[in-house]
Protein chains: 2
Amino acid sequence: MQTQGANHGAPLDLVFHALSDATRRGMVERLSRGPASVSELAEPFAMSLPAVVQHLAVLEASGLVRSEKVGRVRTCRMDEKALSAAEHWINERKRLWAWRLDRLGEFLETQEAAAKRGKRKK
Amino acid sequence: MQTQGANHGAPLDLVFHALSDATRRGMVERLSRGPASVSELAEPFAMSLPAVVQHLAVLEASGLVRSEKVGRVRTCRMDEKALSAAEHWINERKRLWAWRLDRLGEFLETQEAAAKRGKRKK
DNA sequence: TCATTACTTAAGTAACGACCTAAGTAACTG
DNA sequence: CAGTTACTTAGGTCGTTACTTAAGTAATGA
């Protein structure tokens, strides 16, 4: 229950993989401003619709995006939970790293103090 | 100067791609506890050394890890700057999304209030 | 100096990813 | 009911990724 947390079936692999492509990040950027149809999502990109839909599938598989079809229009929206999962992993690494540096700092200070005392003593 | 920020040559593509593999995330986890040699890094994984070194190369290309060789030992350490860049992108998306939801909430409240006034008026 | 250790280089393979075009289908529109 | 719109499906290409084994090289310890 540490690395696997509350993922409804979308491990970090999929989230980070989804975010590793500029087109997909662009789509997430668009969706963070509000829902959009597939063609609206596709519009800024110089690629075929099927390619866009494939990117969309990757985003959905990762849990970053959900979509539903009404009539002939599929509306996509962001789901920030997957984003939070990724953020959380990153933060844990940064936290541990910072903690370690702090401890190292403490240790060095102690050493320094000890060295000073040693000098005086001698 | 927006998406390219203060990356010394490692765009988000590389960072997210590096993090999309469980082995590499494991290596970052290990390194967030402190520096390690290549063989130390390789130890928990059931794969050949060259494979581990390839993963390491991906991590270095992304800026997540730096390493230097002294004698015959290469020592690897985490560099949290790349991690921060990824975190920053994620946070910006979350921020925009939350902001939008707030605005939407406000709008709905206004509508509701307007509806009530309308009712009374009628 | 000779064996070990700690990587490094090279070369190959099988699977995957990011596209494409062409040909659907299903829902509106006139 | 014919045409347009908004996707969807199918199939193919080509580059990349995640490994592998085999054969280096360069530092070090006995």
Side-chain angles (χ1 to χ4, degrees), chain A residues 9-31 34-77 82 86, chain B residues 3 9-31 34-78 82 86:
Chain A
L12 284 179
D13 286 51
L14 298 182
V15 178
F16 284 126
H17 172 241
L19 293 178
S20 73
D21 182 277
T23 301
R24 284 189 298 258
R25 281 199 309 281
M27 291 165 83
V28 170
E29 274 172 40
R30 168 63 189 80
L31 291 177
S37 72
V38 173
S39 355
E40 276 165 3
L41 265 186
E43 189 266 328
F45 302 107
M47 69 179 66
S48 68
L49 230 219
V52 168
V53 173
Q54 261 179 297
H55 282 303
L56 193 53
V58 172
L59 288 168
E60 291 207 48
S62 76
L64 285 163
V65 168
R66 279 172 303 111
S67 79
E68 49 175 347
K69 198 167 182 176
V70 174
R72 59 185 170 177
V73 177
R74 175 171 298 277
T75 302
C76 312
R77 63 191 71 242
Chain B
T3 46
L12 283 180
D13 286 51
L14 297 182
V15 178
F16 283 126
H17 171 241
L19 293 177
S20 74
D21 182 278
T23 301
R24 285 189 298 260
R25 280 199 309 282
M27 291 165 82
V28 171
E29 274 172 40
R30 167 64 189 79
L31 290 177
S37 73
V38 173
S39 356
E40 276 165 2
L41 263 187
E43 190 266 328
F45 302 108
M47 69 179 66
S48 68
L49 228 221
V52 168
V53 174
Q54 264 180 296
H55 281 303
L56 192 53
V58 172
L59 287 169
E60 290 208 50
S62 76
L64 284 164
V65 168
R66 280 171 304 111
S67 78
E68 51 176 347
K69 197 167 182 176
V70 174
R72 59 184 169 179
V73 177
R74 176 171 296 279
T75 302
C76 312
R77 63 191 71 242
M78 206 179 89

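Labels below follow one simple rule: chain letters A, B, ... track the order of the sequence lines, proteins then strands, and each chain is numbered from 1.
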>> Side chains of Met27(A) and His55(A), heavy atoms from C-beta outward: is any pair under 4.5 Å?
In response: yes
> Can you check whether Leu64(A) reaches Leu19(A) side chain to side chain, under 4.5 Å on heavy atoms?
Replying inline: yes
> Are Ser37(A) and dA6(D) close enough that a side-chain N or O sits under 4.0 Å from OP1 or OP2?
Replying inline: no
>> If the cut-off is 4.0 Å, is Ser39(A) near the phosphate of dC7(D), judged by side-chain N/O to OP1 or OP2?
In response: yes
>> Which heavy atom of Val65(B) sits nearest to which heavy atom of Cys76(B), and what is that distance?
In response: CG1-CB, 4.1 Å
> Taking all non-hydrogen atoms of both residues, which atom of Leu59(A) and which atom of Ala18(A) are closest, and how far apart?
Replying inline: CD2-CB, 4.1 Å
Under 3.5 Å, side-chain donor or acceptor atoms of residues 34-54 of chain B against the rest of the protein: list the pairs with distances, not counting sequence neighbours.
from, atom 1, to, atom 2, distance (Å)
Ser37(B), OG, Glu40(B), N, 3.2
Glu40(B), OE1, Ser37(B), N, 2.9
Ser48(B), OG, Ala51(B), N, 3.4

> Listed by chain and number, what are the side chain to side chain contact (heavy atoms under 4.5 Å, CB included) partners of Arg66(B), not counting sequence neighbours?
Replying inline: Arg77(B), Asp79(B)
> Considering only heavy atoms, which members of residues 40-56 of chain B lie under 4.0 Å from some atom of DNA chain C?
Replying inline: Leu49(B), Pro50(B)
>> For DNA chain C, which residues of residues 66-77 of chain B approach it to below 4.0 angstrom with any heavy atom?
In response: Lys69(B), Arg72(B), Val73(B), Arg74(B)
>> If I take atom CG in residue Leu59(A) and atom P in nucleotide dA18(C), what distance separates them, rounded to the nearest angstrom?
In response: 10 Å
> dT16(D) P sits how many Å from His17(A) NE2, rounded?
Replying inline: 14 Å
>> According to salt bridge (charged side-chain N to carboxylate O under 4.0 Å, His left out), does anything in residues 11-28 of chain A pair up with another residue at least two apart or in another chain? List the pairs.
In response: Asp13(A)-Arg25(B), Arg25(A)-Asp13(B)
> Which residues pass the side-chain hydrogen bond (donor to acceptor under 3.5 Å, both in side chains) test with Ser20(A), sequence neighbours left out?
Replying inline: none
